[in-house]
Number of protein chains: 2
Amino acid sequence: MTPRNEHGPDSGPPARRDRQMTERRLIEATIQLIRERGFDAVGINAIADTAGVSKVLIYRYFGDFSGLLRAVADEIGVLGSNLAAGSIASASADSTPGQVIAETTHILRSMVKDNELIRNVLIWELSQDNELTKTLAESREHIGLEQTRQFTRLLEEHRPGESLDTEALFALLTAGVFYLSLRAEHCPVFNGVDLQSDEGWNRIAGVVKDLLDRVPEPEPNEDKP
Amino acid sequence: MTPRNEHGPDSGPPARRDRQMTERRLIEATIQLIRERGFDAVGINAIADTAGVSKVLIYRYFGDFSGLLRAVADEIGVLGSNLAAGSIASASADSTPGQVIAETTHILRSMVKDNELIRNVLIWELSQDNELTKTLAESREHIGLEQTRQFTRLLEEHRPGESLDTEALFALLTAGVFYLSLRAEHCPVFNGVDLQSDEGWNRIAGVVKDLLDRVPEPEPNEDKP
DNA sequence: CCAAATTATCACCGGGTGGTTACATTCAAT
DNA sequence: ATTGAATGTAACCACCCGGTGATAATTTGG
């Protein structure tokens, strides 16, 4: 039996007397908890236990629980920014605005579907506002507006005269995709649409594309590859 | 001093030996808790305390906690049905499809905004599925599909040839309005749109109306009052 | 080599949770 | 009136929560 106690379930190396390392462990343990067990499992005791560290250190290093959440929010914020940066770049060919927004729908959906952390954070943002959710809201606002601006530019290219409230459009679109993606976890069908199949999401993306692509312009120019 | 003890904070009449009355008290206490303090405040102890009754009766009358939730779900389900029935009836003049859907947007938004119970239930549905959320999901599915069918009929009247996936459209619309309404509670701005002002919601409803009303038909008929 | 500062742990506190058992009261049928 | 089921209460259990003071272990500097 080793003389050092190892009560944490997944401690890894004991990390002897390294403050920076301990702080990292606490932050990453919090993120892991949010991802794997949801926001209502996030607490002083669970975090300290997951990190394999005494909970007193949370108070010593981050002041209080909010302090730790603030640090975690910064961490998740940059994660989200990187994730979105990759997504934005992909959808910028010279396609129809409808095609672009349909692809954006699919990208948003996969992002939420494949990332358990995002899902739990989105739910958390709806149910309360603390240091973490407040910081993340700002981060997401920045990302969403960047996407919107890019689409606005593309729309201006394709239809110079068109005046469409792209901010409101993207707000409703991303909000709807967020909600449907979250709901898909527990409830497969929403308003007759199968949220757990690609077919259902093709319907969602398709109806937005249909609405955007039909425009009363004198150009019947539709070249679909 | 009455001989009967009255430890509950809001008990009303002591309700001596009346099982039906006690069951009603428990159900309504649960609804009151969901509305006023959110789903994470709903528990055996809080419910019994709010009802001014011993928590043992929950187990005796409803079997277990899930049993009580099932009874509560039925109660809320009929509430929601009645609420929606009133809303649907109002929006069915001979307006443009875009006008109808814009009004539907506003109606949905007010419904969520003005009803704290609905808000908390919507959030609950996203975060977990228990007996209550499962039953409510079915109820909502029924209501939403009825609204959709009504709109489909109206669209068919106005544009007989039009083929639009109205189910998918309404799914995305109500999902988006739900999410934005929930989010408005804690975070006033989403993607540049002010969710706490009527102006912001006019933008949301307006962009959907714009998309729906412009249709490549030979009718330039736009009569805005 | 020894003391001071840092780092980390342990044991505990008051309070709350869901759930159960033992007991008391009321009421209705015999 | 007595019996016995229905109704209700109080006390208790083991567990978890956020938070704190005392204490031990390690590193660092003289």
**Q** Counting heavy atoms from C-beta on, name the nucleotide in D:dA11, D:dT7, D:dT20 closest to the side chain of A:Lys55.
**A**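 Selected nucleotide: D:dT20.
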
**Q** Testing the 3.5 Å rule here: is there a donor-acceptor pair between the side chains of B:His106 and B:Asp198?
**A**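 Checked: B:His106/B:Asp198 side chains show no N/O donor-acceptor pair below 3.5 Å.
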
**Q** Quick one: A:Asp49 CG to D:dC15 P, roughly how many Å, whole number?
**A**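 To the nearest whole Å, that distance equals 15 Å.
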
**Q** Whole Å only: how far is the OH atom of A:Tyr59 from the C1' atom of C:dA8?
**A**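 Value for this atom pair: 16 Å.
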
**Q** Do the side chain of A:Arg60 and the base of C:dA8 come within less than 3.5 angstrom through a donor-acceptor pair of N or O atoms?
**A**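 By the distance-only test, yes, there is a pair.
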
**Q** To the side chain of A:Thr22, which of D:dG18, C:dA8, D:dA10 is closest?
**A**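 Looking only at heavy atoms from C-beta outward on A:Thr22, the closest nucleotide is C:dA8.
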
**Q** For the residue pair A:Phe39 and A:Trp124, does the interplanar ring angle fall in the parallel (under 30°), tilted (30 to 60°) or perpendicular (over 60°) class?
**A**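 The rings of A:Phe39 and A:Trp124 lie parallel, inter-plane angle below 30°.
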
**Q** What is the distance, rounded to the nearest whole Å, between atom CZ of B:Phe65 and atom P of C:dT17?
**A**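 Answer to the nearest Å: 11 Å.
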
**Q** Please report the distance, rounded to the nearest Å, between CD1 in B:Ile58 and P in D:dA10.
**A**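 Those two atoms, CD1 and P, are 15 Å apart.
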
**Q** Side chain of B:Ser54, heavy atoms from C-beta onward: which of C:dA8, D:dA10, C:dG19 has the nearest atom to it?
**A**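 Taking heavy atoms from C-beta onward, the closest nucleotide is D:dA10.
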
**Q** Send over the distance from A:Asp40 CG to D:dC16 P, rounded to a whole Å.
**A**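 Taking CG of A:Asp40 and P of D:dC16, I get 15 Å after rounding.
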
**Q** Are any of the side-chain heavy atoms of A:Arg119 and A:Glu185 separated by less than 4.5 Å?
**A**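 Answer yes - side chains close enough.
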
**Q** Starting at CG of A:Asn45 and ending at C1' of C:dC12, how long is that distance when rounded to a whole Å?
**A**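 Roughly 13 Å, once rounded to whole Å.
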
**Q** Over how many whole Å does the gap from B:Asn130 atom CG to C:dG18 atom C1' extend?
**A**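 Roughly 15 Å, once rounded to whole Å.
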
**Q** Rounding to a whole Å, what distance do you find between B:Arg19:CZ and D:dA5:C1'?
**A**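 Taking CZ of B:Arg19 and C1' of D:dA5, I get 13 Å after rounding.
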
**Q** How do A:Val56 and A:Val42 order along DNA chain D: which one's closest nucleotide is nearer the 5' end?
**A**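 Its nearest nucleotide lies further toward 5', so the answer is A:Val42.
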
**Q** Counting heavy atoms from C-beta on, name the nucleotide in C:dT9, C:dG18, D:dG18 closest to the side chain of A:Ile44.
**A**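 Selected nucleotide: D:dG18.
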
**Q** Could you pull out every donor-acceptor pair under 3.5 Å between side chains of residues 59-67 of chain A and any protein atom, sequence neighbours left out?
**A**
unit_1  : atom_1 : unit_2  : atom_2 : d
A:Asp64 : OD1    : A:Gly67 : N      : 3.1

**Q** From the options C:dT9, D:dT7, D:dG19, select the nucleotide whose nearest atom is closest to the side chain of B:Tyr61.
**A**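 Within the option list, the nearest is D:dT7.
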
**Q** Out of the candidates B:Leu26, B:Leu33, B:Ile31, B:Val42, only one should pair with B:Val72 under the side-chain contact (heavy atoms from CB on, under 4.5 Å) rule; please name it.
**A**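 One option only clears the test, and that one is B:Ile31.
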
